[in-house]
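Only one structure is covered here, and it is reproduced in the block below.
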Amino acid sequence: MRLISSQASYSLPAVPENAGALDVHFCKTFLHQFRALPGADDYYRIYMAIEKTAALSGHAPEMVAKTLVENGLRAGRESFPGAFVEAMETGARMPHWAAPVSRDNHRELLGFWRKPMIGHAPANRRRRISS
């Protein structure tokens, strides 16, 4: 089951049923953090929920983002850590075993990034300082 926003400008990941404990933990923690964050800018909430999930789990934000994308997270570039975005954009030139996420998820996310997003400002406020 994939949760999709009312504006369809992002979709949240589904908690995997037959996955490892870490994948389940990342998804549940992310969803909890996302819902707990106030504010109207959903892309910022997604970014902060990824960062908080990483901090709480002791893993890199890029690893959290990878797991979430493989479980259905789709959002604009500014919702993801910079290193993850760079890896996704260069992933097309990598062999399949070195790609940042599975080929299907990679193509789907890049396609999502190419679609115009209504109601969101351009990524001129791209990187936020993480603590």
Side-chain angles (χ1 to χ4, degrees):
M1 177 177 115
R2 188 186 301 186
L3 302 172
I4 301 175
S5 76
S6 59
Q7 294 109 355
S9 62
Y10 66 91
S11 63
L12 297 176
V15 177
E17 293 179 17
N18 298 323
L22 192 58
D23 287 9
V24 172
H25 173 71
F26 283 167
C27 289
K28 284 185 175 184
T29 303
F30 169 82
L31 290 169
H32 173 76
Q33 292 299 324
F34 177 77
R35 290 184 181 109
L37 288 166
D41 185 352
D42 290 330
Y43 282 4
Y44 181 71
R45 288 174 57 210
I46 291 168
Y47 176 83
M48 290 307 300
I50 290 171
E51 292 289 322
K52 287 184 178 235
T53 299
L56 290 169
S57 67
H59 290 85
E62 296 78 22
M63 182 177 178
V64 172
K66 172 190 182 298
T67 301
L68 296 172
V69 166
E70 290 190 343
N71 286 289
L73 178 63
R74 301 294 182 267
R77 283 179 174 86
E78 61 270 18
S79 300
F80 294 96
F84 179 78
V85 171
E86 290 172 24
M88 287 296 295
E89 290 174 343
T90 60
R93 294 186 305 267
M94 295 179 180
H96 69 86
W97 53 266
V101 296
S102 73
R103 283 291 180 201
D104 291 340
N105 288 314
H106 185 260
R107 279 191 297 270
E108 192 174 320
L109 184 59
L110 289 176
F112 190 90
W113 287 352
R114 288 183 196 108
K115 291 191 304 188
M117 297 295 161
I118 298 171
H120 286 281
N124 58 358
R125 56 181 168 76
R126 171 78 121 126
R127 292 297 108 216
R128 296 156 186 90
I129 299 173
S130 60
S131 50

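In this chain, numbering begins with 1 at the start of the sequence shown. Values in this document were obtained by computation on a predicted structure and should not be read as measured data.
F30 has its side chain within reach of P13: a pair of non-hydrogen atoms, C-beta onward, lies under 4.5 Å apart. At a threshold of 4.5 Å between non-hydrogen side-chain atoms, the residues I50 and F84 do not count as touching.
Scanning all heavy atoms of the two residues, the minimum distance from R77 to V85 falls at O-CG2, 3.5 Å. Of all heavy-atom pairs spanning C27 and A14, the tightest one is SG-O, 3.8 Å. L109 and L73 make their closest contact through CD1-O, 4.4 Å (heavy atoms, listed as atom of the first residue, atom of the second, distance). Across every non-hydrogen atom of V64 and S57, the tightest pair is CG2-OG, 4.4 Å.
Checked against side chain to side chain contact (heavy atoms under 4.5 Å, CB included), T67 has the following partners two or more places apart in sequence or in another chain: D23, F26, N71.
Contact check on E70 versus K66 returns a salt bridge, with a Lys/Arg side-chain nitrogen under 4.0 Å from an Asp/Glu carboxylate oxygen.
When atom types are taken as modelled, the side chain of Y43 and the backbone of S9 share a donor-acceptor pair closer than 3.5 angstrom. Proximity of a side-chain donor or acceptor of R74 to a complementary backbone N or O of S11 within less than 3.5 Å is not detected. Here the side chain of W113 pairs a donor or acceptor atom with the backbone of A75 at under 3.5 angstrom.
The CD atom of E51 sits 11.5 Å away from the CG atom of L37 when rounded to the nearest 0.5 Å.
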